[in-house]
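Take a look at the structure below.
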Protein chains: 2
Amino acid sequence: MARVYAQHCGLAQALDLVGERWALLIVRELMAGPRRYTDLAEGLVSIPSNVLAARLRELEAAGLVRRRRLAPPAASTVYELTGRGHELEPAVAALARWGMKSLPAANGSRPFRAHWLVLALRARFDEDAAEGLSESYEFEVPGDALVSLTVEEGRAEARLGAATEPALRIVADAETLLAMTDGSVDPARALAGGALIEGDPAALGRLAAILPSP
Amino acid sequence: MARVYAQHCGLAQALDLVGERWALLIVRELMAGPRRYTDLAEGLVSIPSNVLAARLRELEAAGLVRRRRLAPPAASTVYELTGRGHELEPAVAALARWGMKSLPAANGSRPFRAHWLVLALRARFDEDAAEGLSESYEFEVPGDALVSLTVEEGRAEARLGAATEPALRIVADAETLLAMTDGSVDPARALAGGALIEGDPAALGRLAAILPSP
DNA sequence: CGGAATCCTCTTCGATACTG
DNA sequence: CAGTATCGAAGAGGATTCCG
């Protein structure tokens, strides 16, 4: 085993498992659900194919990722997080929350993917501000991703897919949506920039409250 | 700038700043307070000297670490976290909490340092279980570190140094203390193994409650 | 002795091309 | 679609040396 810290420290142990380059970004990709090899490559933007293959092997060996062969009609292989892999979410969200604060405003020079919204929403969500709240929101990038944030009794779940009876639907391009959830664009400015908002206008304020600026 | 992800994603941004090998472990070392170059090298156990120098330069350039020259009597340079560096603590604690779960029981084969207790205590501390509690605990490794955990109104602070009027003092070797805070050894077993416990016996139960197994 | 810079080797990464 | 193969460039690891 090469390049491990092998120290009796939880942080060092975590980094021995997911500290290598690209490893946590692969976890990010899988947080939104199972994905195929090529989807992963696309979502990771610039990962060399050999490195992706190597990391998947390592993460599988570490018990964080599982590969599964889909049933015949869709004959394809997908990768998904194991339970242990899902347990990384609080740590990944905490890192994302920290990183957001120094993220340059979206200006088109950095690539972004609509499904990254899932992590951004989880990272931004403020449990205290959402106390007692129960409603859902839907975000759509036409022709790309559909992301929903469902709050139940103050607990949030962000995932790919439609929301059931969302109080609010926001349709915009990926750049605008990511900028909104990063806090660099507020809903009013996004609206002016071409975003389409449907639903209860008051829900917009509640949404802003439970996704405070980082 | 080499090897950056440059993606519009908080996690990628965080990893661009602290994702390189050794970077987060340097943050771990500095969480317990300012340290000199040689202290860092000792606490990181096996870091090559050139890599430590390079990382410190990068972390300083990123605004996470500051170098400071001490006043004449102690004429020496120390490194310390900036405010932005301290903000990493929740993320580091979350990673440590995750990593602890798969940390092999302390068996002497992996190096450990007494001051890692500071991170271990912060990672293990359970705010919900500590609600309303106010008392402090002191951990000592004779001839090495003195660590205190101070809980005030359910909020914890772990740091190097003595506690004021601790409800409990535990004196043991580093291995035993780290194993205790990892949850792999319970206080009763530690006592049997030679740990010295002074203070209110009931405080031992309260301590175990606010540091649940990972 | 603290705080590095240097030299060298070895591994990994990044980019691209290629194959079952 | 799901990887493997190849190859140059960059970093990590280890030991040693240098400077105040």
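Basis for what follows: all heavy atoms, side chains included, without hydrogens, waters or symmetry-related copies. Predicted model, so just to flag it, every value in this text is computed and none were measured. Numbered from 1 within each chain, the chains take letters A, B, ... in sequence-line order.
- Side chains of Thr150(A) and Tyr137(A): no donor on one and acceptor on the other come within 3.5 Å.
- Rounded to whole angstrom, the span from the CG atom of Leu59(A) across to the C1' atom of dG3(D) amounts to 16 Å.
- Set against dG14(C), dG14(D), dT4(D), the side chain of Asn50(B) has dG14(D) as its closest nucleotide.
- Of the candidate nucleotides dG14(C), dG13(D), dG3(C), dG3(C) has the atom nearest to the side chain of Tyr37(B).
- As judged by a 4.0 angstrom heavy-atom cut-off over every strand, Thr38(A) is placed among residues touching the sugar-phosphate backbone only.
- When distances are taken from the side chain of Pro48(B) to each of dG14(C), dG13(D), dA2(D), the shortest belongs to dG13(D).
- Atom CG in Leu40(A) sits about 9 Å away from atom P in dA2(D), given to the nearest Å.
- In this structure, of dT4(D), dA4(C), dG13(D), it is dG13(D) that holds the atom nearest to the side chain of Trp22(B).
- The side chain of Val51(A) has dC13(C) as its nearest neighbour among dG13(D), dC13(C), dT4(D).
- Phosphate proximity of dG3(D) to Tyr79(A): present, with a side-chain N or O under 4.0 Å from OP1 or OP2.
- Atoms CZ (Arg21(B)) and P (dT11(C)) sit 14 Å apart, rounded to a whole Å.
- Regarding Glu58(A), its CD atom lies at a distance of 10 Å from the C1' atom of dT12(C), rounded to whole Å.
- In this structure, Tyr5(A) places its OH atom 9 Å from P of dA12(D), rounding to the nearest Å.
- Residue Ser49(A) places no side-chain atom within donor-acceptor reach of the base of dT16(C), judged by atom type and a 3.5 Å distance cut-off alone.
- dA2(D) atom P lies 9 Å from atom CG of Leu70(A), rounded to whole Å.
- When the side-chain nitrogen and oxygen atoms of Arg57(A) are compared with OP1 and OP2 of dT4(D), one or more of them lie within a distance under 4.0 Å.
- Under 3.5 Å, the side chains of Ser76(A) and Arg36(A) contain no donor-acceptor pair of N or O atoms.
- Put simply, CD1 on Ile47(B) is 11 Å from P on dG14(D), counting in whole angstrom units.
- Cation-pi geometry between Arg21(B) and Tyr5(A) is met: the NZ or CZ atom falls under 6.0 Å from the ring centre, inside 45° of the normal.
- Under the side chain to side chain donor-acceptor pair (under 3.5 Å) rule, Glu80(B) has a single partner from Arg66(B), Arg35(B), His86(B), which is Arg66(B).
- A donor-acceptor pair shorter than 3.5 Å cannot be found between the side chains of Gln13(B) and Trp98(A).
- Rounding to whole angstrom units, CD of residue Glu20(A) and P of dT11(C) are separated by 14 Å.
- Between Arg67(A) and dG3(D) there is a side-chain N or O to OP1 or OP2 distance below 4.0 Å.
- Among the nucleotides dT4(D), dT12(C), dG2(C), the one closest to any side-chain atom of Ser76(B) is dG2(C).
- For Arg36(B), taking side-chain heavy atoms from C-beta onward, the closest of the listed nucleotides dT12(C), dG3(C), dA5(C) is dG3(C).
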